[in-house]
Amino acid sequence: MEKVRTRFAPSPTGYMHIGNLRTALYAYLFAKKEHGDFILRIEDTDRARYVDDAVDVIKNTLRAAGITWDEGPDAGGEYGPYVQSERMAIYKEYAEKLIELGGAYRCFCDADKKTEGDFGGYDRACRDLPAEEVERRLKNGDSYVIRQKMPLTGETTYFDVLHGNITIANEELEDQILLKSDGMPTYNFANVIDDHLMKVTHIIRGEEFITSTPKHVLLYDAYGWEKPVFMHLAPVMGKAEDGTVSKLSKRHGATSFEDLVNLGYLPPAIINYVALLGWNPKTTNEEIFSLEELKKLFSAEGLSKSPAVFDYNKLGWLNGEYLKRMTDEEFAQKARPFAGELTDNLQEKWLFVAALLKTRLTNLAQVEGEIAFLKEMPPFDESLYANKRNKATIQTAKDILPQVIEVLAGVSESEWTNENLYAKISDVIEKVGVKKGAALWPVRISIAGKTVTPGGATELLYILGKDESLSRMKKSLANLP
RNA sequence: GGCGCCUUCGUCAAGCGGUUAAGACACCGCCCUCUCACGGCGGGUUCAAGGGUUCGAAUCCCUUAGGCGUCACCA
């Protein structure tokens with residue numbers, strides 16, 4: 001069997017949309033599952049839309065995601081160049097050849113007036129221009145485009161792995177432009193020439209190309225080339241605040257790989273989630289997969305035909321799972337850049353703090369907010385002292401806090417550890433004869449100023465250190481009515 | 001508008017003529033617990049509608065509706 005070769009052919013528009021990333025991932029996984037080649041090709045034939053550095057964004061994103069290309073920019077390969085703007089001579093040659101084969105013709109119509117007629121589409125005015133006329137205008141230096149000569153009757157059918165046979169009546173197809181007047185090919189021409197020349201066996205791309213594929217098929221046929229296998233993927237959708245669903249775009253928030261990374265989602269988690277958005281392994285209920293595992297598991301059978309809505313909730317859950325599986329050290333290191341400026345104390349105990357944070361996050365961007373109260377005591381309402389379950393009230397706080405303060409004041413700096421603090425406060429609890437929570441609740445409130453914190457009272461005391469802890473407790477106590 | 005594609009819980013989804021219609025996220029309860037989280041246990045909610053075919057339909061066929069895509073010298 002011939003070697004499987006797939007390609008990812010983005011146009012450099014400036015950022016890597018999640019939907020594009022998924023297409024790249026699937027094409028990559030499909031090739032790797034079959035031990036084939038994955039090619040990166042840059043489709044930059046629209047010079048009006050060209051964006052500087054966009055190619056770097058694509059390459060960097062792919063690399064960060066772990067998707068490597070066997071051929072393409074930076075990787076070389078025997079079918080290059082892999083940037084379409086560098087292949088103009090090739091397109092020109094094949095376009096001329098197609099004219100000879102009777103599958104295309106030169107059109108001298110003005111760019112702006114050709115789309116007339118209520119039915120839309122080009123009126124084929126130049127389709128049967130006499131040879132002498134063509135000759136004359138060429139000599140005259142008139143600018144022209146090359147159009148595909150579509151069959152006027154009949155229908156074209158092709159097979160799509162996901163959708164089965166797809167048939168379109170030829171009369172629906174207009175004589176589309178293959179080569180623009182600036183000599184650049186259009187997508188519909190270049191992708192056929194390149195895919196054939198680069199020996200691409202499976203074309204995996206978005207569903208938006210489903211209706212233009214018959215035009216490509218006609219091209220393959222005109223040249224007498226073997227057709228690749230087509231797989232058109234359903235789009236990734238986004239849910240707007242008003243509940244409406246539409247193709248994922250900027251208005252749905254962070255939708256590029258880069259955005260998500262900046263929000264503290266880990267690349268392996270993003271890849272994992274994106275892989276599951278429109279694909280299901282079927283043979284297992286497991287949902288956490290590394291890229292390596294995906295390479296073994298991937299199969300076109302698991303691809304979904306219907307659109308999938310991007311769900312931040314589930315991404316967050318998956319990311320949280322990845323976070324939890326890290327060692328404390330690894331997590332501490334990854335979380336650090338998201339922590340903002342740290343106090344010396346926090347800096348010193350960062351590993352301890354990070355361990356507390358690890359199971360409580362769905363993305364790293366939450367780190368800063370989670371630890372803000374440790375940097376600075378937030379103002380709070382004394383009603384927070386009241387907690388039914390722990391039988392804590394403002395009054396019990398007033399009774400217990402002074403005793404805890406007194407005991408803790410006697411703990412030396414070197415004994416200021418989570419375990420010791422817990423033991424000391426337990427003594428007070430025993431002496432006073434209250435429930436643990438009745439004492440620990442007010443302590444935690446008095447030094448944190450909030451009811452929900454990463455870590456319990458003694459852990460927070462430890463992190464804050466003796467001076468800061470005592471100072472916060474005293475101040476909070478003084479604020480009590 | 002023409003043409004094309006799609007339609008199972010709120011979301012991701014399994015299912016390929018006979019199932020109590022999996023599982024996951026989210027949500028709700030309980031347990032654990034120095035708060036929350038983690039972990040454990042349990043719960044509710046789904047086959048777009050209408051016609052067929054069949055002993056039997058989420059699964060096959062048709063119609064309708066809705067969503068999406070495409071009709072560029074954009075990809």
Side-chain angles (χ1 to χ4, degrees), chain A residues 9-13 43-46 48-49 107 109 111-112 114-115 118-122 143-147 160 162-163 166-169 171-174 176-182 184-188 190-191 205-214 232 234-235 237 239 243-247 273 276-282 284-288 302 304-318 320 324 356-361 387 389-390 392 421-422 425-426 429 435-441 443-445 448 450-460:
Chain A
S11 60
T13 55
E43 309 222 329
D44 59 346
T45 55
D46 183 2
R49 284 212 305 183
C107 167
C109 297
D112 44 329
K114 49 84 228 177
T115 320
D118 326 285
F119 34 43
Y122 173 62
S143 94
Y144 65 91
V145 298
I146 293 181
R147 288 181 182 277
D160 180 287
L162 292 184
H163 303 282
I166 290 177
T167 300
I168 300 235
E171 59 187 352
E172 295 291 331
L173 311 175
E174 82 165 303
Q176 64 173 346
I177 288 173
L178 267 17
L179 213 61
K180 308 180 218 175
S181 54
D182 65 359
M184 281 287 190
T186 55
Y187 168 82
N188 289 315
N191 92 84
R205 81 229 300 188
E207 198 174 70
E208 64 270 27
F209 296 111
I210 230 168
T211 45
S212 51
T213 300
H232 288 101
M237 314 293 278
K239 189 175 238 164
T244 56
V245 169
S246 57
K247 200 166 172 179
Y273 177 66
L276 259 19
L277 248 196
W279 175 78
N280 181 287
K282 288 180 189 265
T284 171
N285 271 336
E286 181 60 48
E287 297 198 273
I288 300 183
S304 172
K305 287 192 285 191
S306 43
V309 177
F310 189 93
D311 181 10
Y312 287 94
N313 253 329
K314 187 137 187 182
L315 203 218
W317 165 75
L318 241 189
K324 273 176 258 176
L356 254 24
L357 253 22
K358 201 172 74 169
T359 59
R360 283 166 245 253
L361 306 177
N387 179 270
R389 192 164 152 253
N390 287 301
L421 292 167
Y422 187 70
I425 296 179
S426 291
I429 289 166
K435 287 182 59 168
K436 268 188 293 191
L440 290 162
W441 178 276
V443 170
R444 199 169 52 83
I445 296 299
K450 48 196 282 194
T451 59
V452 175
T453 58
T458 61
E459 286 158 323
L460 297 182

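Below, all heavy atoms of this structure are taken into account, side chains as well, without hydrogens, waters or symmetry copies.
When all heavy atoms of A:Ile445 and A:Thr451 are compared, the pair lying nearest together is CD1-CA, 4.0 Å. The minimum heavy-atom distance linking A:Val245 with A:Met237 is given by the pair CG1-CB, 3.6 Å. Here the closest non-hydrogen pair linking A:Thr453 and A:Arg360 is O-NH1, 3.9 Å. Taking all atoms of both residues into account, the shortest heavy-atom contact from A:Lys305 to A:Ala234 is O-CB, 3.3 Å. Nearest heavy atoms, A:Gly455 versus A:Arg444: O-CD, 4.0 Å. When all heavy atoms are compared, the tightest approach of A:Leu179 to A:Pro185 is CD1-CA, 3.8 Å.
The phosphate of B:rC36 (OP1 or OP2) has no side-chain N or O of A:Lys450 nearer than 4.0 angstrom. Between A:Lys282 and B:rG15 there is a side-chain polar atom (N or O) within less than 4.0 angstrom of OP1 or OP2. Proximity of A:Thr45 to the phosphate of B:rA75: a side-chain N or O atom is located under 4.0 Å from OP1 or OP2. Here A:Lys305 does not reach the OP1 or OP2 of B:rC16: none of its side-chain N or O atoms lies under 4.0 Å away.
Distance check on atom P: B:rG42 versus B:rC61 gives 39 Å, rounded to whole Å. The gap from the P atom of B:rC47 to that of B:rA22 amounts to 13 Å, rounded to the nearest Å. Separating the C1' atom of B:rG15 from that of B:rC73 is a span of 48 Å, rounded to the nearest Å. Annotation: B:rA48 and B:rU7 have their P atoms spaced 9 Å apart (nearest Å). Nucleotides B:rA21 and B:rG43 have their P atoms positioned 15 Å apart, rounded to a whole Å. Rounded to whole Å, the P atom of B:rC36 lies 14 Å from the corresponding atom of B:rC28. Taking the P atoms as reference points, B:rA24 lies 15 Å from B:rA14, given to the whole Å. Taking atom C1' on both nucleotides, B:rG52 is separated from B:rA13 by 29 Å, rounded to a whole Å.
For the pair A:Met237 CE and B:rG66 P, the computed distance is 16 Å after rounding to whole Å. The interatomic distance linking A:Asn285 (CG) with B:rG15 (P) rounds to 11 Å, in whole Å. For A:Glu171 and B:rC71, the CD to P distance is 18 Å, given to the nearest whole Å. When rounded to the nearest whole Å, the span between CZ of A:Arg389 and C1' of B:rC36 equals 11 Å. Rounding to whole angstrom units, CG of residue A:Asn280 and P of B:rG23 are separated by 14 Å. Nucleotide B:rG67 holds its P atom 20 Å from the CD atom of A:Glu208, rounded to whole Å. Look at NE2 on A:His232: it is 15 Å from C1' on B:rC68, rounded to the nearest Å. The CD-P distance, from A:Glu459 to B:rU33, rounds to 15 Å in whole Å.
The closest side-chain heavy-atom distance from A:Thr213 to A:Arg205 is below 4.5 Å. Using a 4.5 Å heavy-atom cutoff, the side chains of A:Asn188 and A:Leu178 are not in contact. Under the 4.5 Å side-chain criterion, counting only non-hydrogen atoms from C-beta, A:Ile166 is not in contact with A:Thr211. In this structure, the side chains of A:Leu276 and A:Trp279 come closer than 4.5 Å at one or more pairs of heavy atoms.
Positionally, the nearest nucleotide of RNA chain B for A:Ser304 lies more toward the 5' end than for the other of A:Pro235 and A:Ser304. Where A:Val452 and A:Leu179 meet RNA chain B, the nucleotide closest to each residue was compared, and A:Val452 sits on the side nearer the 5' end.
Across all strands shown, B:rU7 pairs with B:rA65; the Watson-Crick or G-U wobble distances both stay below 3.5 Å. Of the nucleotides present, none pairs with B:rA14 by Watson-Crick or G-U wobble criteria with both distances under 3.5 Å. B:rC60 and B:rG52 make up a base pair, with Watson-Crick or G-U wobble contacts both under 3.5 Å. Base pairing analysis places B:rA21 opposite nothing; no Watson-Crick or G-U wobble pair with both distances below 3.5 Å involves it. Look at B:rG1: its Watson-Crick or wobble partner, with both distances under 3.5 angstrom, is B:rC71. Pair assignment for B:rG29 gives B:rC41, based on Watson-Crick or G-U wobble hydrogen-bonding distances that are each under 3.5 Å.
Set against B:rG69, B:rC34, B:rA72, the side chain of A:Lys247 has B:rG69 as its closest nucleotide.
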Query raised in the report: Under the side-chain contact (heavy atoms from CB on, under 4.5 Å) criterion, do A:Lys435 and A:Trp441 qualify, and how do the steps go?
Result: CA-CA 10 Å; A:Lys435 287 182 59 168; A:Trp441 178 276; over 6 Å; no
Sort me out a list of protein N/O and nucleotides 8-12 of chain B N/O pairs below 3.5 Å, or just none if empty.
| from | atom 1 | to | atom 2 | distance (Å) |
| --- | --- | --- | --- | --- |
| B:rG10 | O2' | A:Lys239 | NZ | 3.0 |
| B:rC12 | OP1 | A:Val309 | N | 3.0 |
| B:rC12 | O2' | A:Leu276 | O | 3.2 |

N/O-N/O pairs, protein side and nucleotides 2-4 of chain B side, under 3.5 Å:
| from | atom 1 | to | atom 2 | distance (Å) |
| --- | --- | --- | --- | --- |
| B:rG2 | O2' | A:Glu172 | OE2 | 3.3 |

Tabulated below should be each protein N or O lying under 3.5 Å from an N or O of nucleotides 37-43 of chain B; please produce it.
| from | atom 1 | to | atom 2 | distance (Å) |
| --- | --- | --- | --- | --- |
| B:rA37 | O2' | A:Thr359 | O | 2.3 |
| B:rA37 | N3 | A:Thr359 | OG1 | 3.4 |

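Below 30°, between 30° and 60°, or above 60°: for A:Phe310 and A:Tyr273 the angle between ring planes is above 60°, a perpendicular geometry.
Atom CD in A:Gln176 sits 13.5 Å away from atom OH in A:Tyr122 (nearest 0.5 Å).
In this structure, the side chain of A:Thr186 engages the main chain of A:Ile177 through a donor-acceptor pair within 3.5 Å. Here the side chain of A:His163 pairs a donor or acceptor atom with the backbone of A:His232 at under 3.5 angstrom.
Contact annotation: side chain of A:Thr453 to base of B:rC36, donor-acceptor pair absent below 3.5 Å. Side-chain atoms of A:Ser181 and base atoms of B:rC73 include a donor and an acceptor less than 3.5 Å apart.
Lacking a ring centre under 5.5 Å from that of the base six-membered ring together with a plane angle below 30°, A:Trp441 does not count as stacked on B:rC34.
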